[in-house]
Each structure stands twice: as C-alpha cells, then as structure tokens.
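For reference, the structure is listed below as structure tokens.
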Amino acid sequence: MDEKSYPEYAAIIVNRAVKAVDKIFHYHIPVFLQPVITIGMIVKIPFGRETLEGIVVDFVDTPEVPVEKVKDILECLSDQPLFNQELIALSHWMSERYLCPWVTAMQAMLPAGLQLTGKLPQSSLRYRLYQTELLSGVKGSKRGLVRDYLKTHDGALLSEVLAATGVKENIIQTLVKLGAVKKVGETVWHNAIPPDFPGNQRELTPLQQQAMSAILASWEKDGKPVLLHGVTGSGKTEIYLRLLQHFVSQGKQGIFLVPEIALTPQMVDYVKSRIGVPIAVLHSGLTGSERREAWQGIAQGVYQVVIGARSAVFAPMPNLGIIIVDEEHEASYKQEQTPRFHGREVARERCCLQKGLLVLGSATPSLDSYDQAEKGNYHLVELCQRVYAQPLPQVEVVDMREELRQGNRSIFSDRLVDGVTAALDQGQQVLLFLNRRGYHTFVSCRTCGQALECPHCSVSLSYHAYDGKVKCHYCGFQGEVPTLCPHCNSHAIRQFGAGTQKVAEEVMQHWPGARVARLDRDVTAVRGNHEKIYRQMLDREIDILVGTQMIVKGLDFPSVSFVGVIAADTSLNVPDIWAGERTFQLLTQVAGRAGRKDGQGRVVVQTYRPDHWIVRCAARQDYGAFYEQEMERREIGAYPPFVSLIRLIMSGTERAVLSMAAEKLKGYLMQYAPHNRSGNLLGPTAAPMEKIKDRYRMQMILKGTDGEGLRRWAQQATEQFQKEQPVAKKIVLAVDVDPLSMV
Ligand code: ADP
Ligand code: ZN
Ligand code: ZN
C-alpha cells in the first residue's frame with residue numbers, strides 16, 4: 001500500500017487576463033490526477049459556463065468555499081510543470097509591481113511557442129530498444145529479424161532497428177507488449193550548444209583579480225547586488241566568465257543577460273570555450289519550437305548557463321546561483337508592452353527569491369543603479385583602466401555648424417573623412433554610428449544647433465507631422481514651428497534626420513573600394529543576419545560598418561581603430577527626461593569601441609552642439625562629472641530617481657472618445673489622489689507619438705516620492721474607472737510603472 005497522501009485541493013490562477021478574475025480559485029483534484037499533479041502545471045477547469053486553462057500555483061488542505069461547491073479539475077494539460085515555485089512567486093511580485101493581472105505576468109514569462117492554451121507539445125523524444133530474456137524465445141520471420149538484430153545491437157535506436165530490419169513499427173509494438181523488448185525514451189536537445197574543450201583559460205590582470213575578489217567577498221558578506229563599473233575595454237567579460245564558472249562549479253546555474261540579440265554569439269563563443277558546459281540561448285530570434293525546447297531543457301537542468309535578451313531572466317533554472325546583467329544601463333531591458341517590466345529589476349527580485357548573486361555591469365551605469373550604490377544598497381566594484389592600461393581613445397568633437405559655414409554640405413566632416421581614409425589605408429576597420437533615436441521628430445537649427453524646447457519644461461518639443469505643430473508631451477504645451485530660430489534668428493530651422501541606408505550609400509560613394517555593411521533593425525529583422533555580420537566583422541571581411549545603437553553595445557572588435565559619430569545630438573533632442581543620460585551612454589560606449597587592442601583608437605564626434613555639457617562629458621568619457629551634473633538636474637526638476645513616475649497611456653480609434661475617456665479617468669485620479677499631496681497628476685496630453693497604426697494616443701503622468709503610494713493610487717483609480725465607465729471599454733489603457741520613455 002502506498003501510504004503517501006496526495007493533495008486534494010489546488011489553488012489556481014485562471015488564464016484570463018481581466019481584473020475581475022485576477023485572484024486565486026480553489027478546485028478539487030480528482031483522485032486519478034492526485035498522484036501526477038504538481039505546482040506549475042497547466043490544467044483544464046470548468047469556469048462559469050466555460051472550460052478554461054488554469055495554472056496550479058499551490059495546494060491547499062481546505063478550500064475557501066464550501067466543499068460541495070468546489071468543482072473538479074478536468075485534466076492536466078502538461079506532463080511537466082511549466083513554472084517552478086520561484087517563478088510563481090516572481091510572477092506574483094510582478095503583478096503587484098507593474099500593476100497587471102497575475103496571469104499576464106505568467107504569460108510574459110513563457111517564451112513564444114509555449115502557451116497556456118491547448119495541449120502542450122511534448123519535447124522531442126527518441127527511443128532505444130533493449131532485449132529482455134523473453135526475446136530469445138520469440139518466433140516468426142519478422143519478429144525474428146528484430147530478435148537477431150538486437151542480439152548484436154542491444155540498445156539501438158528505434159529508427160535504426162526499423163531501417164536495418166525493414167519491419168514496420170507495429171511489429172516492435174507487439175514485441176514491447178509481449179515484454180520481449182524494452183523501449184526507452186530519451187529527450188533529444190536539438191539546439192543544445194555543446195561545450196568546446198575549455199582550453200584558453202586566461203590569467204586575470206591584477207585589477208581584474210582585485211575586482212573578482214571584491215565581488216566574491218561582498219557576496220559572502222551580505223549577498224547584496226554588485227554594480228561592476230568598469231571603463232570600456234577594462235575586461236569585464238573575463239570577470240563575468242569567472243563568476244559563471246564559480247557558480248557552475250558549485251552545481252548552480254547562471255543566467256547571462258545581454259541587451260541585444262546581436263551580442264549573443266559573442267558571449268556564446270566565450271562561455272563555450274571557457275566554461276565548457278551545455279549552454280542554451282533564449283531570445284526572440286529563435287523559432288517557437290527552439291524556444292520551447294530550450295525552456296524544457298532548462299527546467300530539467302540540462303543547461304548550466306542560459307544566455308539571452310531581456311526575457312531570459314525568466315529561464316526556469318532549478319538551482320539558480322547568479323544573474324549577470326551586462327550593459328545594465330541599456331533601455332532595451334525595459335519591456336515596452338504590457339507587462340512593462342524592467343529586466344534588471346526583475347533580475348534583482350529573482351536573485352532575492354532564489355538567493356542568487358546579481359551582478360550589474362557597465363562602463364556607464366544607469367543613474368538609478370549608481371544611485372543605489374551610493375546609498376549602499378549595491379556594492380560598487382570599479383575597474384578604472386583598460387586591460388593593458390591602454391589609453392581610452394582620443395575623442396575629437398567636430399562642430400558641424402562650422403563645417404556648414406566652410407561650405408561643406410555633406411554629412412561627413414573633413415576630419416571624419418580623414419579618419420576613415422587613414423584607418424582604411426592602415427588596413428584597420430571603421431565603425432560609423434548613426435544615432436537614430438528621435439529621428440525626424442524634433443526641430444533644430446542648423447546654424448546655432450539648438451533644438452526647440454518647451455517653455456515650461458526642460459525637454460525638447462516634438463514635431464507632429466499630421467498637424468505641423470510642435471508639442472510638449474510632458475506638460476501639454478503646443479505651438480507652431482517658428483520660421484526663425486528663437487536663439488539666433490536663422491532661417492535654417494527644420495526637422496532633422498538621415499537614415500543608416502543613406503549614410504551607407506554615401507560611404508560607398510566616398511570610399512568605393514571599401515567593403516561596407518549595415519547593421520540596424522531592418523537588417524537584423526532577417527534571421528541569422530546579426531550573427532553573419534558579427535562574424536564577417538571579426539574575420540575582417542568588412543571594412544566599414546554603418547549602424548545604429550546595435551553596433552554600440554558591448555561588441556569587441558579588436559581591429560576597429562576609427563569610430564565616427566554622424567550626429568551626436570539626435571538623441572539629445574528626444575523629448576524626455578532621459579535624453580541626456582542616453583546620449584552620454586551612447587557616445588561613451590561608441591567611443592569605447594575604438595582601439596581596444598592596441599590603444600590607438602581615434603573617435604570623431606560630429607555635432608551641432610559642441611558646447612553641450614553632455615557632449616563634453618562624453619568626449620572626456622568622464623562618468624563622474626556626468627553623474628554629478630545630471631543628478632543635480634534631476635533633483636531640481638523633480639525627476640527620477642528623486643521621484644517615481646507612472647505613465648498611463650490611453651489609445652483609441654476615435655479622438656473624441658479618447659479625450660472623453662481621458663477626462664473621466666482624470667476624474668477618478670483626482671478623487672483617489674493621496675490626501676497628503678504626495679502625488680501629482682500631469683496631463684492628459686497627446687502622446688508624443690500621437691497616432692500609431694490608426695490609433696490615437698494620450699497620456700497622463702503620476703509623479704511622487706512614494707512609489708508604493710503612487711501604485712496604489714493608480715490601481716484604485718483605474719480599477720474604478722474600468723468598473724464604472726462604459727467608455728473604458730472603448731479605449732485601451734496601458735500602465736507603465738517607472739517608465740523609461742515618454743514617447
Ligand atoms: P569590457 O567588456 O570591459 O569593455 P572586454 O571584456 O571586452 O572589455 O575586454 C577588452 C579586451 O581585453 C578584449 O579583447 C579581451 O579579450 C581582452 N582581455 C580581457 N581580459 C584579459 C586578460 N586577463 N588577459 C588578456 N586579455 C584580456
Ligand atoms: Zn539658431
Ligand atoms: Zn512642457
């Protein structure tokens with residue numbers, strides 16, 4: 001007799017992302033399911049008049065409703081759990097942190113290709129056949145073929161046996177039924193990346209050694225997150241690899257997050273050759289079935305290291321030891337769809353839940369993380385020098401207004417042309433960077449370089465093509481585009497921008513012999529392209545690479561000696577609070593791509609605002625100065641990290657309906673406003689990108705020093721609004737807690 005007592009009731013979250021059913025429901029587990037059901041499984045349940053899927057999040061002894069009213073679970077849709085306990089806890093935390101239904105957070109965790117609906121796909125299995133003592137007694141010509149084959153090939157693959165004997169699979173099935181053959185399944189991991197021979201172990205430099213010891217010491221002391229601030233080329237990657245190895249050797253697993261899928265091949269190469277354990281990659285460039293398989297393998301502990309973009313933070317590692325967030329300042333860690341989570345923040349919570357070490361690394365830490373370090377919530381570990389103490393590259397700032405005055409109307413300044421030509425002559429590679437954020441949306445003066453700013457806020461006005469007006473989507477101010485520059489009275493005031501394609505074309509005209517490639521969103525939309533370009537760059541099959549943000553992030557191309565920035569100011573003029581921080585990070589990072597091997601790097605930054613303090617700090621690659629000044633600006637303006645923000649984005653197909661809904665929602669927000677006046681309400685105003693795919697967009701911003709109180713406020717007001725106002729059903733309301741963009 002089996003004495004084990006099985007759980008009788010399950011706590012279930014229903015797979016329906018609406019507020020009204022966003023809570024736990026109790027169900028009875030029928031006897032036939034009791035031995036197989038586990039937490040994290042997907043089940044089918046009767047719900048009202050429907051049959052829905054649900055996720056088992058817990059077991060309970062007594063249901064909260066009378067026993068006779070409790071319904072039965074109908075069936076289990078998976079033979080394995082999709083979530084472990086920590087992921088369930090994490091998803092619950094997310095639902096409270098980002099104000100979304102619990103099930104929405106769970107859905108966001110699953111890679112595309114794995115859904116809560118329908119039967120779950122089984123992982124790919126293959127079978128081996130083994131003989132038993134009954135096999136020798138088997139008679140019959142076809143069965144005999146199998147018998148004879150297995151005598152010499154015990155444990156052969158089913159497919160092999162079928163091919164070698166020519167019998168049909170039903171013969172095998174019969175033999176299995178008779179007990180003459182044992183059929184054993186094994187999972188095939190098609191996409192596992194096998195380890196190379198770990199050979200090229202590197203000696204750490206003394207500085208790297210110090211940093212490594214400091215990280216492990218702090219981990220042993222109190223387990224707080226570590227912010228690794230190391231200048232570009234200081235060898236952070238080597239430290240990450242050692243850390244991963246440290247945890248893997250203790251039987252734990254590690255997650256390595258990269259801001260951009262373009263960076264996965266580089267990291268996979270490193271981990272493969274250094275650590276020598278099976279690796280899985282998780283990112284949006286994989287097919288559904290690849291991701292599904294990776295997910296299942298990770299859950300079963302097949303992989304010790306997972307490398308991937310933002311959502312890899314949810315990889316279901318059973319025994320997580322460490323999460324490393326490389327280039328932690330990157331905005332791509334923030335998801336801009338519901339649930340609007342921040343990968344860095346989720347990683348922090350996950351490490352907290354699973355008692356893992358969180359390491360955030362960057363040459364240009366986010367203001368937020370550096371602030372946390374200053375407050376003592378993170379340990380700060382610094383690497384102030386490049387690996388062999390090579391100098392940081394020389395940065396020359398070129399004033400494009402001056403170029404224009406000299407009669408140069410091309411997009412390349414004379415010094416940039418010189419630099420590229422010289423590098424090519426020496427057989428070196430060139431990166432040309434086009435800062436495309438804010439492309440075409442702001443108005444600036446080509447004579448004095450100033451962008452139009454809101455008279456009430458320190459943000460640039462954005463240009464709206466549909467009505468030709470400039471608007472501030474922070475406070476709602478709007479106006480006409482002036483014909484004269486308000487600063488210098490020049491007529492040369494207009495929208496600004498050029499695309500990577502245009503730049504690449506001009507490059508080919510200028511340097512006809514050079515091999516030119518382009519790396520941007522359009523190019524990487526094609527599967528496999530980013531990896532191809534990365535390899536070609538390493539193999540020096542490309543002379544000049546023109547690209548956007550993507551070429552900036554952490555790529556290590558030793559033979560790049562010249563880096564050109566086509567227009568530094570574009571991102572400065574993005575109409576939001578973070579424009580300065582982003583621009584500083586971008587410029588410092590892009591400059592850091594030059595001269596990584598021999599320190600002979602040269603950088604030319606073209607700008608219309610050579611005196612802007614951000615451009616100057618970046619040219620000196622002076623993080624300290626940038627941090628001080630930017631924090632002061634944030635404090636004066638009452639911007640994050642001194643306050644918390646919540647952005648409410650409303651969209652709808654009819655402008656009038658949308659405005660009405662916005663006003664109604666505003667009414668609820670006023671009604672529920674914190675009594676102690678700890679929160680402010682800004683808006684409603686038109687969103688900077690006012691129309692997307694035929695939908696109009698408006699936004700409101702809640703601002704206050706008490707983040708928790710702000711979330712409660714937003715939650716109560718939006719819930720009442722949605723409950724009581726029919727117009728709420730005609731619009732879509734998205735909630736962005738701690739937004740990182742206002743556009
Ligand atoms: P970061 O990520 O800090 O910008 P990387 O980790 O890419 O810098 O390292 C910069 C360069 O220095 C790389 O080419 C790397 O291979 C090399 N490097 C790093 N650490 C060492 C070491 N201990 N010995 C030799 N070369 C190293
Ligand atoms: Zn001007
Ligand atoms: Zn304004």
Side-chain angles (χ1 to χ4, degrees), residues 437-445 448-490 493-497 569-583 608-609 612 614 633-640 642-643 645-652 655-656 658-667 669-670 673 679-692 695-704 734 736 739-743:
R437 279 188 71 85
Y439 173 59
H440 257 316
T441 57
F442 63 95
V443 175
S444 75
C445 170
C448 74
Q450 305 262 12
L452 274 188
E453 280 204 347
C454 175
H456 310 293
C457 314
S458 61
V459 294
S460 307
L461 292 169
S462 55
Y463 176 75
H464 289 246
Y466 91 93
D467 61 2
K469 293 207 162 99
V470 283
K471 301 182 185 184
C472 171
H473 45 83
Y474 198 66
C475 74
F477 169 84
Q478 63 170 325
E480 304 294 327
V481 181
T483 48
L484 294 179
C485 168
H487 303 283
C488 75
N489 285 330
S490 156
I493 182 160
R494 59 183 65 95
Q495 304 110 270
F496 190 87
D569 345 353
T570 41
S571 65
L572 263 186
N573 297 325
V574 171
D576 65 35
I577 306 161
W578 302 276
E581 183 178 359
R582 295 262 161 76
T583 306
Y608 288 90
R609 306 173 75 175
H612 196 288
I614 290 277
R633 193 184 75 85
R634 299 280 181 96
E635 186 163 18
I636 291 168
Y639 298 134
F642 295 93
V643 298
L645 299 177
I646 294 179
R647 179 177 171 226
L648 302 168
I649 310 139
M650 297 149 284
S651 67
R655 191 180 269 142
L658 183 62
S659 304
M660 187 174 98
E663 283 307 323
K664 289 267 195 266
L665 177 54
K666 183 177 183 174
L669 285 163
M670 311 262 269
N680 285 323
L681 170 63
L682 304 171
T685 73
M689 289 210 278
E690 202 177 341
K691 197 173 172 190
I692 298 179
R695 295 182 70 83
Y696 295 97
R697 301 163 78 236
M698 293 185 79
Q699 65 188 27
M700 273 185 268
I701 289 160
L702 309 183
K703 173 167 168 172
D736 195 356
L740 277 186
S741 154
M742 293 292 182
V743 297

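Atoms considered below: every heavy atom in the structure, side chains included; atoms not considered: hydrogens, waters and symmetry mates.
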- Message: Let me confirm one number: the NE2-OG distance from His487 to Ser444, rounded to the nearest 0.5 Å.
- Response: 10.0 Å

- Note on the structure: Here the gap from Met698 atom CE to Ser651 atom OG, rounded to the nearest 0.5 Å, amounts to 11.5 Å

- Query: Is Pro482 close to Val443 at the side-chain level, that is, under 4.5 Å between some pair of heavy atoms?
  - Reply: no

- Query: Taking atom SG of Cys448 and atom CG of Asn489, what is their separation to the nearest 0.5 Å?
  - Reply: 9.5 Å

- Identify the residue among Leu682, Leu665, Thr685 that makes a side-chain contact (heavy atoms from CB on, under 4.5 Å) with Met700. Leu665

- Item | Taking every non-hydrogen atom, the tightest pair across Pro486 and Leu452 | CG-CD2, 3.6 Å

- Task: Run the numbers on Arg633 and Ile577 for side chain to side chain contact (heavy atoms under 4.5 Å, CB included), then give the verdict.
- Result: CA-CA 10 Å; Arg633 193 184 75 85; Ile577 306 161; 4.2 Å; yes

- Query: How many angstroms lie between CG in Leu645 and CG in Leu702, if you round to the nearest 0.5 Å?
  - Reply: 9.0 Å

- Separation between CG (Asp576) and CZ (Arg582), nearest 0.5 Å, reads 6.0 Å

- Query: Asp569 and Tyr608: which non-hydrogen atoms are nearest, and at how many Å?
  - Reply: OD2-N, 2.9 Å

- Take Glu480 and Lys469 through the test side chain to side chain contact (heavy atoms under 4.5 Å, CB included) and record every step on the way to the result. CA-CA 5 Å; Glu480 304 294 327; Lys469 293 207 162 99; 3.1 Å; yes

- Do you know the tightest heavy-atom contact between Ile614 and Gly580? CD1-O, 3.4 Å

- Stepwise, does the side chain to side chain contact (heavy atoms under 4.5 Å, CB included) test hold for Tyr696 with Met650? CA-CA 8 Å; Tyr696 295 97; Met650 297 149 284; over 6 Å; no

- Message: Is it the case that the side chain of Arg647 and the backbone of Leu740 share a donor-acceptor pair, with hydrogens and angles ignored and the cut-off at 3.5 Å?
- Response: no

- For Asn680 and Val643, run side chain to side chain contact (heavy atoms under 4.5 Å, CB included): C-alpha distance rounded to whole Å, both residues' side-chain angles, the deciding distance at 0.1 Å, then the answer. CA-CA 11 Å; Asn680 285 323; Val643 298; over 6 Å; no

- Message: Rounded at 0.5 Å granularity, tell me how far CG in Leu572 sits from NE2 in His612.
- Response: 4.5 Å

- Message: With a 3.5 Å distance limit and no angle check, can you tell me whether Arg634 reaches the backbone of Pro640 through a side-chain donor-acceptor pair?
- Response: yes

- Minimum heavy-atom separation for Ile493 to Leu484, with atom names? CG2-C, 4.2 Å

